[in-house]
A.B. asks: 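What follows is a single structure, and I will ask about it in a moment.
In each ligand, atom 1 is the first atom listed, and ligand 1 is the first ligand listed.
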Amino acid sequence: MGRALIVVDVQNDFCEGGSIPVKGGADRAVAIVDLIRRAQVGYAYVVATRDHHIDPGGHFSEHPDFQNSFPVHCVVGSAGSEFHPNFAPAVTSGAVDEVFYKGAHSASKSGFEGFAQDGTALADWLRAHDVSDLDVVGIATDHCVKATALDGVRAGFAVQVLLDYTAGVAADTTSTALSELREAGVALSGEPVVLA
Ligand SMILES: [Zn+2]
């Protein structure tokens, strides 16, 4: 049984210059590409998730609370929905084995709500590829990384978050997220990156 790396939502709208910018996002994108390069023999697979909204209902708001509602972001076909240029080459070069799209008509913070273009759900894809262990990285620690790691545990995988390769929106929500992850049995390594 193998270990896979899940790269969560390294998209323009979640990096500097995007509609919900997370400080450090662009820099983490560089670090993640470096991790993939160095770890290529260590991971059986590398997959990426992508926020991919058409009409996600209350997930978008003109008066967002930044917990359950957010400014418009990652709309299908927009520049903001594209992978950040620091990360995109890993996808186009084939270093990323599959991309999972989530949130067409829902909030879908977790990558486990995502589907490959052939319709395969993330958990089914991982099981079909004999993956038992997951390392999770990406943006944002206190939102989609957290949700993806928690769902990974619920789906029966052994999950670790590599904090050096994540970026958090805020210190307080990241701290709360790390507590939730620990309680759920998610292993944490490295130091959280929160530049806000
Ligand atoms: Zn979203």
A.B. asks: Would His53 and Asp51 count as having a side-chain donor-acceptor pair, cut-off 3.5 Å?
C.D. replies: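 Short answer, yes.
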A.B. asks: Please test Phe70 against His143 for ring-ring contact (aromatic ring centres under 6.0 Å, His included), starting from the C-alpha separation and ending with a verdict.
C.D. replies: CA-CA 12 Å; Phe70 296 86; His143 291 279; 5.5 Å; yes
A.B. asks: Can you see whether Asp65 engages Ser69 through a side-chain donor-acceptor pair at a distance of less than 3.5 angstrom?
C.D. replies: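 There is such a pair (donor and acceptor under 3.5 Å, judged by atom type) between the side chains of Asp65 and Ser69.
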A.B. asks: Restricting to N, O or S, what is the name of the atom of Asp51 that lies nearest the Zn ion (ligand 1)?
C.D. replies: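 Result for Asp51 and the Zn ion (ligand 1): OD2.
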A.B. asks: Measuring to the Zn ion (ligand 1), does His73 have an N/O/S atom at a distance below 2.8 Å?
C.D. replies: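 Within the cut-off used here (under 2.8 Å), His73 does place an N, O or S atom near the Zn ion (ligand 1).
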A.B. asks: Flag His53 as yes if one of its N/O/S atoms falls below 2.8 Å of the Zn ion (ligand 1), otherwise no.
C.D. replies: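 A backbone or side-chain N, O or S atom of His53 is under 2.8 Å from the Zn ion (ligand 1).
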A.B. asks: Does the side chain of His105 come under 3.5 Å of the side chain of His59 through a donor N or O and an acceptor N or O?
C.D. replies: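 Side chains of His105 and His59: no pair found under 3.5 Å.
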